[in-house]
Protein chains: 2
Amino acid sequence: MRSEDIAKLAGVSRSTVSRVINNYPNVPEATRQKVLEVIQQHQYEPNAFARALAGKGTDTIGLFAISMSEQEHASRIYQNSYFAPIVDLVVDTANAQGFYVLIHTIYSPDDFHKVKQAFSQKRIDGGILVGIQNDINLVSEMVQQDAPLVLIDYNISEIMSEHLDKNHLAIINSKDYEGTVEAMEYLIGLGHQDIGIICGRMDTFSGRERHMAYKDTMQKHELPIQDKFVLEGNFLKETAYSSVEQLIAGGELPTALFCANDAMAIAAIEALNASGLQVPTDVSIVGFDDATLASHINPKLTTVRLPIAEMAKAAVDKVISLCQDESTSFSTMSFPTKLIIRESCSQLHDC
Amino acid sequence: MRSEDIAKLAGVSRSTVSRVINNYPNVPEATRQKVLEVIQQHQYEPNAFARALAGKGTDTIGLFAISMSEQEHASRIYQNSYFAPIVDLVVDTANAQGFYVLIHTIYSPDDFHKVKQAFSQKRIDGGILVGIQNDINLVSEMVQQDAPLVLIDYNISEIMSEHLDKNHLAIINSKDYEGTVEAMEYLIGLGHQDIGIICGRMDTFSGRERHMAYKDTMQKHELPIQDKFVLEGNFLKETAYSSVEQLIAGGELPTALFCANDAMAIAAIEALNASGLQVPTDVSIVGFDDATLASHINPKLTTVRLPIAEMAKAAVDKVISLCQDESTSFSTMSFPTKLIIRESCSQLHDC
DNA sequence: CTGAAAGCGCTTACAG
DNA sequence: CTGAAAGCGCTTACAG
């Protein structure tokens with residue numbers, strides 16, 4: 001069933017059918033009704049691709065989850081307490097506004113080709129990128145296509161200094177620096193001085209922010225940062241577990257450990273437990289994200305809650321409005337985090 | 001940049017450009033190379049929609065997560081330990097084979113329109129439906145469009161009796177009946193006789209299978225099924241929590257409770273704990289799914305592991321092969337579950 | 001208000 | 001082996 005068939009049945013031309021489908025004003029109510037009726041009757045749906053070819057939008061946005069540094073292939077994203085909810089919320093929000101969402105996961109620089117392709121093949125009206133490593137070239141390449149783009153978690157000043165801020169572009173961040181400071185102040189308020197950190201991926205905006213806030217807060221309180229207590233990490237359980245094992249093997253432990261996400265915090269607890277150490281008795285732990293697991297493990301994790309729902313919704317609203325606007329625009333939003341105090345930290349008595 | 005531009009640059013016709021893009025045999029190596037070179041040089045990507053319009057596939061499959069009975073809107077799917085991994089695995093598997101995936105969540109019969117639309121607008125080559133309630137009319141409507149379709153978790157005999165088995169259709173199930181029997185036998189082997197159940201959604205194939213296997217196993221061992229110990233449920237935490245509260249309020253408790261999924265098992269444990277009851281000391285609990293949470297809560301949950309990864313992969317492989325096959329075919333696959341024994345069940349001593 | 005026609009960017013018989 | 005042409009199913013100036 002094509003628009004031509006509808007036209008015949010309704011005794012009008014394809015042009016008119018198209019006019020009613022697209023809700024143009026210049027068609028008399030009677031004609032409109034007749035056409036609508038025939039459409040209803042035959043459950044006609046205009047071919048989406050033909051519409052797109054003829055200049056209409058695709059009514060679909062792309063969502064690209066980028067996690068380049070991870071190793072095995074199966075079940076990575078959903079186990080990731082950061083990506084999974086974003087995917088979910090983005091889909092929900094977009095669907096509610098009548099948009100489909102095209103998803104693709106990027107595991108290697110090669111895969112990245114796919115996101116450019118989705119744009120250049122005109123499969124989507126706009127796209128959301130999450131988990132992008134700080135690589136301004138990549139971003140600038142994307143932005144060149146001048147398709148509406150929103151980046152979740154990206155360094156705004158890089159955008160500015162590259163003058164990329166005059167495109168259909170938006171950045172959605174969370175206030176990770178402030179969130180980390182709050183967590184650190186809490187730990188310090190509890191009497192901790194030997195505070196370690198398990199870092200996140202340093203090629204990530206949030207990873208760097210959390211690390212910097214850790215350092216700054218320690219310095220502000222004139223607390224020494226001991227190299228052996230700053231553990232590298234990549235937001236993944238496995239590596240966090242082994243670095244904590246090594247830390248333990250080293251003999252000396254911090255009294256508290258700030259972990260750049262919950263997955264690593266949980267790994268830390270497990271590694272500590274495996275060596276007969278208790279949380280928070282022996283060492284206090286704070287995480288970041290407030291993943292589902294955080295409130296279910298034992299001890300319940302004290303963590304910084306990421307406003308993922310707000311961010312995902314804002315991202316969708318933003319792409320959609322960028323798709324609709326002709327004029328280029330650049331905007332940024334930053335959502336506050338919240339410290340959720342549970343059971344994984346304790347007061348230090350001997351200070 | 002259109003194929004015509006490439007043609008000009010390469011000194012050939014659009015036809016030839018198309019031939020090399022589509023890897024047709026009848027073009028001399030020299031010509032092919034020249035065209036390929038120009039394509040490379042200009043990073044040309046054929047417009048996906050134009051290709052689709054002209055008869056090629058869209059290289060995208062649809063994934064529709066249906067969860068009609070749930071209430072609030074935000075963050076439902078990802079919190080759902082069943083949907084989230086499926087989404088993830090499907091995306092990964094499809095991506096790896098060069099397919100995009102279009103996702104849509106269905107929360108109401110109205111939304112269902114969207115999945116039909118995706119097909120009738122020819123946005124996708126084929127689709128995967130997960131969480132579909134047993135509604136043969138819906139399925140038959142979909143199947144009429146004769147687009148390749150795979151259903152995860154659906155009653156095969158319904159398909160057969162409606163003669164829907166001569167379409168591009170496949171069903172992917174898990175062996176929930178056998179899995180439940182295994183769990184029940186384990187409980188009975190531990191000496192339990194008063195075994196209750198929290199049911200899943202009964203409009204779901206797996207929900208019904210798990211319930212039936214519970215009943216059958218009880219009967220086989222001539223154990224009485226007490227009405228007050230069979231609790232209705234819908235796979236969600238909230239309702240499970242309150243029915244367990246009611247059960248507790250009733251005064252009499254089973255010694256073991258089989259829960260049709262982990263979310264409800266965890267809710268049961270929480271409800272029990274809230275009343276000062278201990279698992280497994282006071283009541284043994286077994287779940288179903290082996291969600292991430294299962295191994296992290298306290299006590300670690302004994303549960304039946306669902307082969308979600310296998311199912312998701314099989315579903316993708318199946319749609320893709322259905323998309324490629326001209327001939328209609330109907331097939332079914334059923335993957336075994338596995339009982340994972342952890343800490344939430346104990347031997348009953350007084351029997 | 002409305003139809004005929006051109007155009008969107010491809011693919012694929014068809015003819016040579 | 002290869003080009004001209006028709007066709008996929010829409011939309012949108014253009015003319016009336």
Side-chain angles (χ1 to χ4, degrees), chain A residues 1-36 38-39 42-60 117-125 145 147 326, chain B residues 1-36 38-39 42-60 117-125 145 147 323-324 326:
Chain A
M1 179 113 318
R2 300 154 311 141
S3 76
E4 174 139 32
D5 303 319
I6 300 294
K8 249 173 229 154
L9 261 5
V12 298
S13 71
R14 279 143 73 218
S15 313
T16 301
V17 171
S18 179
R19 286 190 187 99
V20 353
I21 286 174
N22 291 298
N23 233 280
Y24 284 5
N26 54 350
V27 23
E29 201 45 33
T31 316
R32 177 185 306 282
Q33 285 312 326
K34 192 171 47 183
V35 173
L36 246 21
V38 179
I39 288 180
H42 295 267
Q43 304 232 62
Y44 165 71
E45 303 275 2
N47 180 306
F49 290 178
R51 299 193 80 191
L53 232 205
K56 289 293 191 184
T58 61
D59 289 341
T60 112
Q117 197 169 74
F119 280 104
S120 61
Q121 292 184 157
K122 302 273 190 284
R123 288 173 180 273
I124 53 179
D125 292 343
Q145 313 221 19
E326 281 303 300
Chain B
M1 178 111 321
R2 299 156 310 141
S3 76
E4 175 139 30
D5 302 320
I6 300 295
K8 249 173 230 153
L9 260 7
V12 297
S13 71
R14 279 143 74 218
S15 312
T16 301
V17 172
S18 180
R19 285 190 188 100
V20 352
I21 287 174
N22 291 297
N23 232 282
Y24 284 7
N26 53 350
V27 22
E29 201 47 31
T31 315
R32 177 185 307 283
Q33 286 311 327
K34 190 172 47 183
V35 174
L36 246 21
V38 179
I39 289 179
H42 295 266
Q43 305 232 60
Y44 164 71
E45 303 275 3
N47 181 306
F49 290 178
R51 300 191 79 193
L53 234 204
K56 289 294 193 185
T58 61
D59 290 341
T60 113
Q117 197 169 75
F119 280 104
S120 60
Q121 291 185 158
K122 302 274 191 286
R123 287 173 180 272
I124 52 180
D125 292 343
Q145 314 220 20
C323 292
Q324 282 156 181
E326 282 302 300

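The structure presented is a predicted model; accordingly, all values stated were derived computationally and were not measured. So that the names make sense, note that chain A is the first sequence line, chain B the second, and so on, each numbered from 1.
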Participant: dT12(C) P sits how many Å from Arg19(B) CZ, rounded?
Facilitator: 10 Å

Participant: Classify the side-chain pair Asn22(A)/Arg51(A) by whether it contains a donor and acceptor separated by less than 3.5 Å.
Facilitator: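 Short answer, yes.
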
Participant: Give the nucleotide from the list dC10(C), dC10(D), dT2(C) with an atom nearest to the side chain of Tyr44(B).
Facilitator: dC10(C)

Participant: Can you figure out which of dT2(C), dT2(D), dG9(D) approaches the side chain of Asn47(A) most closely?
Facilitator: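 When the side chain of Asn47(A) is considered, dG9(D) is the closest of dT2(C), dT2(D), dG9(D).
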
Participant: Assess whether a salt bridge exists between Asp5(B) and Lys8(B), defined as any Lys/Arg side-chain N lying under 4.0 Å from an Asp/Glu carboxylate O.
Facilitator: no

Participant: Under a cut-off of 3.5 Å for both distances of each Watson-Crick or G-U pair, what dot-bracket string does DNA chain D give, using [ ] for crossing pairs and | for inter-strand pairs?
Facilitator: |||.||||||||.|||

Participant: Over how many whole Å does the gap from Lys34(B) atom NZ to dC1(D) atom P extend?
Facilitator: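 My rounded result for the distance is 14 Å.
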
Participant: Using every non-hydrogen atom in the two residues, find where Arg123(A) and Asp59(B) come nearest and quote the distance to one decimal.
Facilitator: NH2-CB, 4.0 Å

Participant: Around Gln43(A), counting heavy atoms of other residues, nucleotides and ligands shown, do more than 12 lie under 6.0 Å from its CD?
Facilitator: no

Participant: I'd like to know whether Gln121(A) forms a side-chain contact (heavy atoms from CB on, under 4.5 Å) with Asn47(B), so could you lay out the CA-CA distance, the side-chain angles of the two residues, the decisive distance to 0.1 Å, and finally the verdict.
Facilitator: CA-CA 4 Å; Gln121(A) 292 184 157; Asn47(B) 181 306; over 6 Å; no

Participant: Nearest whole angstrom, please: distance from the C1' of dC8(C) to the CE of Met1(B).
Facilitator: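 Taking atom C1' of dC8(C) as the reference, CE of Met1(B) is at 16 Å.
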
Participant: Round to the nearest Å and state the distance from Arg14(B) atom CZ to dT12(C) atom P.
Facilitator: 13 Å

Participant: To the nearest Å, how far apart are Ile6(B) CD1 and dC10(C) P?
Facilitator: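 For the pair Ile6(B) CD1 and dC10(C) P, the rounded distance is 9 Å.
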
Participant: Expected output is a numbered-order residue list: members of residues 48-58 of chain B with a heavy atom under 4.0 Å from any atom of DNA chain C. What is it?
Facilitator: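 Of all residues in residues 48-58 of chain B, the ones placing a heavy atom under 4.0 Å from DNA chain C are Ala50(B), Arg51(B), Leu53(B), Ala54(B), Lys56(B).
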
Participant: For the side chain of Arg2(A), starting at C-beta, report the closest nucleotide among dC10(C), dG3(D), dC10(D).
Facilitator: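 Of the candidates, dC10(D) comes closest.
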
Participant: Identify the heavy atoms of Arg14(A) and Glu4(A) that sit nearest to each other, and give their distance.
Facilitator: CG-CA, 3.6 Å

Participant: Nearest heavy-atom pair of Ala10(A) and Val38(A): which atoms, and what distance?
Facilitator: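 Here Ala10(A) and Val38(A) meet closest at CB-CG2, 3.9 Å.
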
Participant: State, to 0.1 Å, how close Ala52(A) and Thr58(A) come at their nearest heavy-atom pair, and which atoms those are.
Facilitator: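 Where Ala52(A) meets Thr58(A) most closely, the heavy atoms are CB-CG2, 4.0 Å.
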
Participant: Are any non-hydrogen side-chain atoms of Met1(A) and Ile6(A) less than 4.5 angstrom apart?
Facilitator: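 Met1(A) vs Ile6(A): side chains touch.
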
Participant: Looking at dA4(C), does its base get a donor-acceptor pair with the side chain of Ser13(A) below 3.5 Å?
Facilitator: no

Participant: To the nearest Å, how far apart are Asn22(B) CG and dG9(C) P?
Facilitator: 18 Å

Participant: Is the phosphate of dG9(D), meaning OP1 or OP2, less than 4.0 Å from a side-chain N or O of Ser3(A)?
Facilitator: no

Participant: Under 4.0 angstrom, heavy atoms only, what part of the nucleic acid is Ser18(B) near: base, sugar-phosphate, or nothing?
Facilitator: base

Participant: May I ask you to say what Thr16(B) touches in the nucleic acid, namely base, sugar-phosphate or nothing, with a heavy-atom cut-off under 4.0 Å?
Facilitator: sugar-phosphate

Participant: With a cut-off of 3.5 Å and sequence neighbours excluded, list every side-chain donor-acceptor pair involving residues 23-32 of chain A.
Facilitator:
unit_1	atom_1	unit_2	atom_2	d
Glu29(A)	OE2	Gln33(A)	NE2	2.9
Arg32(A)	NH2	Tyr24(A)	O	2.8

Participant: In this structure, how many angstroms lie between the C1' atom of dC10(D) and the CD atom of Glu45(A), rounded?
Facilitator: 14 Å

Participant: What is the distance, rounded to the nearest whole Å, between atom CD of Glu4(A) and atom P of dG7(D)?
Facilitator: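 In whole Å, dG7(D) P lies 12 Å from Glu4(A) CD.
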
